[in-house]
Undergrad: 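The structure follows.
Naming convention: chains lettered A, B, ... in sequence-line order (proteins, then strands); numbering from 1 in each chain.
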Number of protein chains: 2
Amino acid sequence: MIEAKKISYQDIKALALKRIRNKTWPPGSIMPGEVELAGEFGCARATVNRAMRELADEGFIDRKRKAGTRIKASPTRHAKFTIPLIRDEIESSGATYRYALIRRDTPKTPDWLRARLALSLQADVLHLKCLHYAGSKPFQFEDRWINLDAVPKAAQQNFEMTGPNEWLVQEVPFTDVELTFSSMNADLQTAELLGVSEGAALFTIERITWLEKRPITFAKLYYFSGYQMTSRL
Amino acid sequence: MIEAKKISYQDIKALALKRIRNKTWPPGSIMPGEVELAGEFGCARATVNRAMRELADEGFIDRKRKAGTRIKASPTRHAKFTIPLIRDEIESSGATYRYALIRRDTPKTPDWLRARLALSLQADVLHLKCLHYAGSKPFQFEDRWINLDAVPKAAQQNFEMTGPNEWLVQEVPFTDVELTFSSMNADLQTAELLGVSEGAALFTIERITWLEKRPITFAKLYYFSGYQMTSRL
DNA sequence: ATTGGCATAAAGTCTAGACAAAACAGGACA
DNA sequence: TGTCCTGTTTTGTCTAGACTTTATGCCAAT
């Protein structure tokens, strides 16, 4: 008789996953309760609880008090990929990172931006355009707007040596981020900056950051043609 | 004197985050150990442990046995967005989902695919082209390859009524996924299928799925022009 | 039938204590 | 000097038990 050694929450996770996959616990059904499983595996309920909690976090099951734990019909897989600082992204590919400020001004806040960030009528913004290079090639064009109401000290910063993203991450805490990925044809100006032909398909990210409901910054990032973002889950 | 009631791991998380943000515990430094914190908050070490474990999962701190818990210099934020089934994505936008199979064949396995999936020389594949509509508009063009070695019963399936993704999710378990996002100009054929002009910028996703090292399927998904993928974190 | 309330079942959390595992530091020894 | 061993510290995990919270289903009163 093989000794059972000790059972970890990871073992239970793996076992439960196996039962979900081979439909011992079919999709849509309720699996045994924590007490029962703890009995079966000969461990404490807390151990089962942790395993199940993680499976729920990972989207395989739904748990409700009193109702029990139900196998999801179609597991919600969620990609969980890291958003690296652009400097790190470039340097980790082996290339040298270089940054250039193209333009810095404080225009009248455009209406689309005010609407997008729910800014008040008198909110001032700082507008920056920058290029990030990998070696000698343009890698990303950044069109950035900073809410000076929320980040007044950005007005004192010239951003000639340090990119706004790097500066903001160091200086301004944030709590919420919205990312929007899309694709667009390069207009003439962007094409020239990135060194591609007009109409080339560009991968773009829009990024809005808040600190507890207060909008901090809006950035539109245009990547060079051919950029790929990969994530494993 | 206000009674402290009870302290939950969430309170501790929030408090720790506040201290990280306001630099009570500056980036790069070591924060107090679990025992010390448990003393300060008047709770059990397990409670502190859970709070800290979650903060570590979320990328704010690094924990190492013996070395202690260190505040990350630049917190690794990771986007965690759900990959919905395309039917759900379309229906939740209020439109009617419609599916059409364009082509189904079993060609000689192309070399690029064999290389990409690390397939053996004699592996057979099923090749499908499909369109997914939102109402009357093309939403996504799907170019799918299925490894018949790993999923032999796919050969019996005609895929005329049900899309391969929906079928695979129901029938074939998987353990690993790789997603690659990029952008490309529509070629003539794809443009016609999606009802856009040639050269339009398309958002594309490549998706490879494995079951424990065995490649299951490769899909290239071309979205209509203007598609946006948004995630909040 | 419909509503309201109550008992109960299940997950969620906390505690106090124990042992395990990793990683580092310092000493013994070749 | 370098290598190995051993002790110590800190996080990682587990246990057994208790209490809390939330949903649900049932029963009674409208």
Undergrad: Take atom CD1 of Ile12(B) and atom P of dT11(D), then tell me their distance rounded to the nearest Å.
TA: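 Interatomic distance, CD1 of Ile12(B) to P of dT11(D): 14 Å.
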Undergrad: Give the rounded distance in Å between these two atoms: CZ of Arg70(B) and P of dC24(C).
TA: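 Atom-to-atom, Arg70(B) to dC24(C), this comes out as 10 Å.
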Undergrad: Distances for protein N/O vs nucleotides 23-28 of chain D N/O pairs under 3.5 angstrom?
TA:
from: dT24(D); atom 1: OP1; to: Lys64(A); atom 2: NZ; distance (Å): 3.4

Undergrad: Using atom CG of Asp62(A) as one end and atom P of dA10(C) as the other, report the distance to the nearest whole Å.
TA: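 Rounding to the nearest Å, CG of Asp62(A) and P of dA10(C) are 17 Å apart.
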Undergrad: Can a salt bridge be assigned to the pair Glu40(A) and Arg19(A) using a cut-off of 4.0 Å between side-chain N and carboxylate O?
TA: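 Here Glu40(A) pairs with Arg19(A) in a salt bridge, since their nearest N and O are under 4.0 Å apart.
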Undergrad: Measure from CD on Glu34(A) to C1' on dG17(D) and round the result to the nearest Å.
TA: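 Going from Glu34(A) (CD) to dG17(D) (C1'), I get 14 Å.
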Undergrad: Atom CE of Met31(A) to atom C1' of dA11(C): distance rounded to whole Å?
TA: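 These atoms are roughly 13 Å apart.
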Undergrad: Between Glu206(B) and Arg116(B), does any side-chain N to carboxylate O distance fall below 4.0 Å?
TA: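 A salt bridge is present here (some side-chain N lies under 4.0 Å from a carboxylate O).
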Undergrad: Counting just side-chain N and O atoms, does Asn49(B) come under 4.0 Å of either OP1 or OP2 of dT11(D)?
TA: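 Result: no.
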Undergrad: Please determine if Arg87(B) forms a cation-pi arrangement with Tyr97(B), meaning its NZ or CZ atom is less than 6.0 Å from the six-membered ring centre and no more than 45° off the ring axis.
TA: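 No, cation not above the ring by the 6.0 Å, 45° rule.
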Undergrad: Cys43(A) has a side chain; which of dA16(C), dT15(D), dT13(C) sits nearest to it?
TA: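 Ranking dA16(C), dT15(D), dT13(C) by closest atom to the Cys43(A) side chain puts dT15(D) first.
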Undergrad: Applying ring pair (Phe, Tyr, Trp, His ring centres under 6.0 Å) to Phe139(A) and His132(A), what does each step give before you reach the verdict?
TA: CA-CA 6 Å; Phe139(A) 186 87; His132(A) 303 269; 8.6 Å; no
Undergrad: More 5' along DNA chain C: Ala44(B) or Gly68(A), using each one's nearest nucleotide?
TA: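 Counting from the 5' end, the first nearest nucleotide belongs to Gly68(A).
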Undergrad: Is the phosphate of dT13(C) approached by Thr47(B) (side-chain N or O, under 4.0 Å from OP1 or OP2)?
TA: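 No, outside the criterion.
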Undergrad: I'd like to know whether NZ of Lys18(B) has more than 12 heavy-atom contacts from other residues, nucleotides or ligands below 6.0 angstrom.
TA: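 Counting other residues, nucleotides and ligands, NZ of Lys18(B) stays at 12 neighbours or fewer.
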Undergrad: When you check the phosphate oxygens OP1 and OP2 of dC14(C), does a side-chain N or O of Tyr9(B) lie under 4.0 Å from one of them?
TA: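 It does not, given that no N or O in the side chain of Tyr9(B) lies less than 4.0 Å from OP1 or OP2 of dC14(C).
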Undergrad: How about Met31(A) and Met52(A): do any of their side-chain heavy atoms sit closer than 4.5 Å?
TA: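 Touching, per the 4.5 Å side-chain cut-off.
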Undergrad: Whole-Å distance between dT20(D) P and Ile7(B) CD1?
TA: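 My rounded result for the distance is 17 Å.
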Undergrad: Is the closest side-chain donor-acceptor distance between Thr209(B) and Thr217(B) under 3.5 Å?
TA: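 Distance-only check fails for Thr209(B) and Thr217(B).
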Undergrad: Does NZ or CZ of Arg232(B) come closer than 6.0 Å to the centre of the six-membered ring of Trp210(A), within 45° of the ring's axis?
TA: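 Relative to the ring axis of Trp210(A), which defines the angle, Arg232(B) lies inside both limits.
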Undergrad: Nearest whole angstrom, please: distance from the P of dT13(D) to the CG of Asp57(B).
TA: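 Distance, rounded to whole Å: 10 Å.
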Undergrad: Leu55(A) CG to dA11(C) C1': how many Å, rounded?
TA: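 Interatomic distance, CG of Leu55(A) to C1' of dA11(C): 15 Å.
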Undergrad: Give one of base, sugar-phosphate or nothing for Arg50(A), where a contact means two heavy atoms less than 4.0 Å apart.
TA: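 Sugar-phosphate, backbone atoms only, no base.
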Undergrad: Among the candidates dC14(D), dG12(D), dT13(D), find the nucleotide nearest to the side-chain atoms of Gln10(A).
TA: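 Shortest atom-to-atom distance from the side chain points to dT13(D).
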Undergrad: Looking at dC14(C), dC19(C), dA11(C), which one has an atom nearest to any side-chain atom of Arg45(B)?
TA: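 Nearest nucleotide to the side chain: dC19(C).
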Undergrad: Are Thr69(B) and dT11(D) close enough that a side-chain N or O sits under 4.0 Å from OP1 or OP2?
TA: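 For dT11(D), OP1/OP2 do have a side-chain N/O of Thr69(B) under 4.0 Å.
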Undergrad: With a 4.0 Å cutoff (strictly under), does any side-chain N or O of Arg63(A) reach OP1 or OP2 of dG12(C)?
TA: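 Arg63(A) to dG12(C) OP1/OP2: side-chain N or O found under 4.0 Å.
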